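Okay, so here's the structure we're looking at.
Worth saying up front: this structure is predicted, and the values here are computed from it rather than measured. All residue numbers refer to positions in the sequence shown, counting from 1.
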Amino acid sequence: SAKDMKHRLGFLLQKSDSCDYSSSQGKKEKISSSQRPSQEEVRKWADSLENLIHHDRGLAAFRAFLKSEYSEENIEFWVSCEEYKKTKSPAKLSPKARKIYDEFISVQATKEVNLDSCTREKTSHNMLEPTLSCFDEAQRKIFTLMEKDSYRRFLKSPYYLDLVSPPGAGCGPENCKRNHTHSLDCNSNIISQCA
């Protein structure tokens with residue numbers, strides 16, 4: 001229901017504070033719930049998927065959208081690969097790589113991502129001696145898949161449109177001609193929850 005979706009989106013967006021991938025991760029200040037991404041920032045999300053997922057609020061909104069489409073494994077895999085590449089200790093590479101492989105790439109993966117057999121095979125081979133770049137090709141393929149498919153739908157969804165419309169623009173019937181069977185209730189005010 002729209003109410004459940006609103007609750008889940010609010011929860012995901014609140015958790016996004018821990019998902020900042022900028023170099024100032026440790027110094028990041030808590031953003032008050034009354035703040036929201038600037039119109040300029042939100043518009044930049046439409047320029048590229050990279051702009052969107054490298055912005056903590058953008059990543060949270062995109063993740064919530066993918067969850068609504070039951071395809072959040074793609075962004076989860078991408079995020080896991082980004083975190084994996086920050087691994088400092090060589091001793092931790094193998095267990096971390098195995099966890100990502102088992103969760104997203106193996107045949108029995110609980111959140112299997114859609115990879116062609118060649119990329120899957122190459123990634124499996126990389127698991128013999130994991131390096132920081134062992135998931136690069138698979139991560140690139142999943143990024144391209146999201147970019148060509150779900151990212152375009154995201155830009156037409158309430159998850160993006162409600163953020164890009166100016167504050168106070170309202171979401172009356174004349175501004176909200178969206179299909180409500182697969183979207184949030186227009187009055188759910190994603191904007192305030194996404195700050």
Ser38 backbone acceptor or donor facing Glu41 side chain under 3.5 Å: yes
Using residues 98-105 as the side-chain source, report each donor-acceptor pair under 3.5 Å to any protein atom, sequence neighbours left out, with the distance given to one decimal.
| unit_1 | atom_1 | unit_2 | atom_2 | d |
| --- | --- | --- | --- | --- |
| Arg98 | NH1 | Asp102 | OD1 | 3.4 |
| Tyr101 | OH | Ser124 | OG | 2.7 |
| Glu103 | OE2 | Lys111 | NZ | 3.3 |

Shortest non-hydrogen contact between Ile53 and Leu59, atoms and distance: O-CB, 3.9 Å
Distance-minimising heavy-atom pair for Phe135 and Cys81: CB-SG, 3.7 Å
Donor-acceptor under 3.5 Å (Ser133 side chain, Asp136 main chain): no
Closest contact, heavy atoms only, Leu66 versus Met146: CD1-SD, 4.3 Å
Gap separating the CG atom of Leu115 from the CZ atom of Phe77, nearest 0.5 angstrom: 6.0 Å
Rounded distance (nearest 0.5 Å) linking atom NZ of Lys67 with atom CD of Glu76: 6.5 Å
Heavy-atom check, side chain of Arg120 versus side chain of Lys141, under 4.5 Å: no
Atom pair CG/CD of Asn74 and Glu69 - distance to nearest 0.5 Å: 10.5 Å
Value rounded to 0.5 Å, distance of CD1 in Ile75 from CG in Leu49: 6.5 Å
Working for side-chain contact (heavy atoms from CB on, under 4.5 Å), residues Val79 and Arg63: CA-CA 10 Å; Val79 168; Arg63 181 179 267 155; 3.6 Å; yes
pair Phe143-Gln139: side-chain heavy atoms closer than 4.5 Å: no
Distance (rounded to the nearest 0.5 Å) between Met127 CE and Ser106 OG: 9.5 Å
Heavy-atom closest pair, residues Lys85 and Glu82: NZ-OE2, 3.2 Å
Any side-chain heavy-atom pair of Arg43 and Gln39 under 4.5 Å: yes
Donor-acceptor pair, side chain of Tyr151 and main chain of Thr144, under 3.5 angstrom: no
Distance in Å, Phe65 CZ paired with Tyr160 OH, rounded so as to fall on 0.5 Å steps: 13.5 Å
Least distance between heavy atoms, Ser94 atom then Pro130 atom: CA-CG, 4.0 Å
Closest non-hydrogen atom pair between Leu93 and Leu132, with its separation: CD2-CD2, 3.4 Å
All ring pair (Phe, Tyr, Trp, His ring centres under 6.0 Å) counterparts of Phe62, not counting sequence neighbours: Phe154
